[in-house]
2 protein chains.
Amino acid sequence: MTSTEPVQRRTRQRAEIRDAVEASQAFATSQEIHDRLRHSGSTVGLATVYRALQAMAAGGEVDTIRTPDGQVAYRTCTPGHHHHLVCRGCGKTVEIDLPGLESQTRAIAREYGFAEIDHEVEFFGTCADCTAG
Amino acid sequence: MTSTEPVQRRTRQRAEIRDAVEASQAFATSQEIHDRLRHSGSTVGLATVYRALQAMAAGGEVDTIRTPDGQVAYRTCTPGHHHHLVCRGCGKTVEIDLPGLESQTRAIAREYGFAEIDHEVEFFGTCADCTAG
DNA sequence: ATCTTCATGACAATCATTCTCATCGCGTCC
DNA sequence: GGACGCGATGAGAATGATTGTCATGAAGAT
Ligand SMILES: [Zn+2]
Ligand SMILES: [Zn+2]
Ligand SMILES: [Zn+2]
Ligand SMILES: [Zn+2]
């Protein structure tokens, strides 16, 4: 199965988008990234941001979460599987490990005869700063 | 704090909607519930289904999940906190317990100074029937 | 430099969900 | 049983995130 996936071309826009995501500590939506780029003088189009972030997510270059209100947000994280604890107030994000969860997941799959199990595990809370406000 | 929440009135529509959700083993979206009701002769409106299901979810009468493609789906589950293992093919859902996750969540909250932690934990897979298919 | 092909951007189109508002009908109190 | 007040309903418009369209631009290979 020599994959015939099209090569990702290096363009000015993708570089800008990558930089913008990396500059953000918190998860950001395509629209937010687009706004920031526009405000800093870029002329990148919104659809391009959507496409680039999707591609980066598919390639594992960024992590994605779905915000409580349903929007997709992206973040450049540490390599390796992990989960997120996100502040509802300021978006501050902490990467967390859940030792045991992965094996527990495999056990569940076996028990119920499910295959190709994928898990969606995120935590939302209010950070100390935001609690103090 | 004697809550002044408006009383939920019993209407034909809400009864129909409740019955429709309870009749479904799998999670169903408002639109799906609406379609089923319409096909079985009901004249209930789509907005009403959206509103009723939201109210039922807020009241803890049904569980909600967000499907991988972003839609909100509802299901009448067993009382008590639990998570879900959902088949991507047929929607078959298994309620699962994750012993240790809740305490682990509290530990994480304490460690990072986050309060009011809420977790979003769902599993998606392919059930035996759908794998065989 | 040329050519092939993917990438881009402006804009239209989707589509789930929410809003508006005139009307209906529960629940309650005579 | 009948009248009332207010939440509930439904038809349709509106919203808003995301995706599709397509003519044009520009990587990357030759
Ligand atoms: Zn991450
Ligand atoms: Zn915060
Ligand atoms: Zn459930
Ligand atoms: Zn299945």
Side-chain angles (χ1 to χ4, degrees), chain A residues 2-21 24 26-59 61-75 91, chain B residues 3-21 24 26-59 61-62 64-75 91:
Chain A
T2 31
S3 74
T4 316
E5 291 165 23
V7 189
Q8 289 278 4
R9 288 182 182 174
R10 295 170 204 296
T11 66
R12 170 181 58 80
Q13 291 87 338
R14 293 201 177 186
E16 290 177 357
I17 294 166
R18 187 180 314 277
D19 289 348
V21 190
S24 176
F27 276 91
T29 65
S30 297
Q31 307 224 32
E32 288 168 345
I33 295 294
H34 180 247
D35 281 349
R36 291 177 199 169
L37 288 172
R38 280 309 183 88
H39 286 152
S40 58
S42 171
T43 61
V44 65
L46 178 58
T48 298
V49 178
Y50 269 97
R51 287 181 294 231
L53 287 175
Q54 277 170 186
M56 289 170 66
E61 298 175 59
V62 295
D63 280 5
T64 74
I65 60 170
R66 197 170 278 280
T67 64
D69 67 314
Q71 293 174 238
V72 177
Y74 304 86
R75 181 173 188 270
Chain B
S3 75
T4 316
E5 292 165 22
V7 188
Q8 290 277 4
R9 289 183 181 172
R10 296 170 204 297
T11 66
R12 169 182 58 80
Q13 291 88 337
R14 294 201 177 185
E16 289 177 358
I17 293 165
R18 187 181 313 276
D19 289 348
V21 189
S24 176
F27 275 91
T29 65
S30 297
Q31 308 224 32
E32 288 168 343
I33 294 294
H34 180 248
D35 281 349
R36 291 176 199 168
L37 287 173
R38 281 308 183 90
H39 287 151
S40 59
S42 171
T43 61
V44 65
L46 178 58
T48 298
V49 177
Y50 269 98
R51 286 182 293 230
L53 287 174
Q54 275 170 188
M56 289 170 66
E61 298 174 59
V62 296
T64 74
I65 60 171
R66 197 169 277 281
T67 65
D69 67 313
Q71 292 175 238
V72 177
Y74 303 87
R75 180 173 188 269

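A note on names: the letters A, B, ... follow the listed sequences, proteins ahead of strands, and every chain is numbered from 1. This is a predicted model, so every value here is computed, not measured.
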Checking side chain to side chain donor-acceptor pair (under 3.5 Å) for the pair B/Q54/B/Y74: CA distance, chi angles, key distance, verdict? CA-CA 9 Å; B/Q54 275 170 188; B/Y74 303 87; 4.9 Å; no

Taking every heavy atom of B/R66 against every heavy atom of A/P68, the minimum-distance pair comes out as NH2-O, 3.5 Å

Could you tell me which residues satisfy ring-ring contact (aromatic ring centres under 6.0 Å, His included) with A/F27, sequence neighbours excluded, listed by chain and number? A/H84

Provide, to the nearest angstrom, the distance between the CD atom belonging to A/Q13 and the C1' atom belonging to C/dT8. 6 Å

Closest contact, heavy atoms only, B/G91 versus B/A26: O-CB, 3.3 Å

Can you find a heavy atom in the side chain of B/I17 that is under 4.5 Å from one in the side chain of B/T48? yes

So which atom in B/A28 and which in B/I33 form the shortest heavy-atom distance, rounded to 0.1 Å? CB-CD1, 3.8 Å

Just jot down the salt bridge (Lys or Arg N to Asp or Glu O under 4.0 Å) partners of B/E32, sequence neighbours excluded, or say none. none

Pairwise distance CD(A/Q13) to CZ(A/R18) - rounded to 0.5 angstrom: 12.5 Å

Can you list, by residue number, the residues of residues 63-75 of chain A that have a non-hydrogen atom closer than 4.0 angstrom to DNA chain D? A/Q71, A/V72

Please give the angle, rounded to 10 degrees, between the axes at the start and the end of the helix from C/dA1-D/dT30 to C/dC30-D/dG1, where five pairs define each axis. 40°

Expressed in angstrom and rounded to an integer, what is the separation of B/Q31 atom CD from C/dT18 atom C1'? 12 Å

OP1, OP2 of D/dA8 versus side-chain N and O of B/T48: anything below 4.0 Å? no

By nearest nucleotide on DNA chain D, pick out whichever of B/V49 and A/S30 is the more 5' one. B/V49

Nearest-Å distance for atom pair CG/C1', residues B/L37 and D/dT9: 14 Å

Value in whole Å for how far the P atom of C/dA16 lies from CG of B/D35: 10 Å

Collect all protein-nucleotide pairs involving nucleotides 11-15 of chain D in which both atoms are nitrogen or oxygen and the distance is under 3.5 Å.
unit_1 : atom_1 : unit_2 : atom_2 : d
D/dA11 : OP2    : B/R38  : NH2    : 3.4

Rounded distance [0.5 Å steps], CG in A/D35 versus OG in A/S40: 10.5 Å

Tell me whether B/R10 at atom CZ has more than 12 heavy atoms from other residues, nucleotides or ligands lying less than 6.0 Å away. no

Ignoring hydrogens, what is the shortest heavy-atom contact between A/V44 and A/E16? Give both atom names and the distance. CB-OE1, 4.1 Å

Would one find a side-chain N or O of B/Y50 under 4.0 angstrom from OP1 or OP2 of C/dT17? yes

Can you check nucleotides 25-30 of chain D for protein contacts, nitrogen or oxygen pairs under 3.5 Å, and list what you find?
unit_1 : atom_1 : unit_2 : atom_2 : d
D/dG28 : OP1    : A/R10  : N      : 3.3

Does B/T43 form a side chain to side chain contact (heavy atoms under 4.5 Å, CB included) with B/R12? I'd like the steps, not just the answer. CA-CA 11 Å; B/T43 61; B/R12 169 182 58 80; 4.1 Å; yes

Which part of the nucleic acid, if any, lies within reach of A/Q54 when heavy atoms closer than 4.0 Å are counted: base, sugar-phosphate only, or nothing? sugar-phosphate

Using whole Å, what does the distance between atom P of nucleotide C/dA16 and atom NE2 of B/H34 come to? 13 Å

Shortest non-hydrogen separation from A/V49 to A/S30 and the atoms involved: CG1-O, 3.4 Å

Please report the closest heavy-atom contact between A/Q31 and A/L46, naming both atoms and the distance. CA-CD1, 4.2 Å

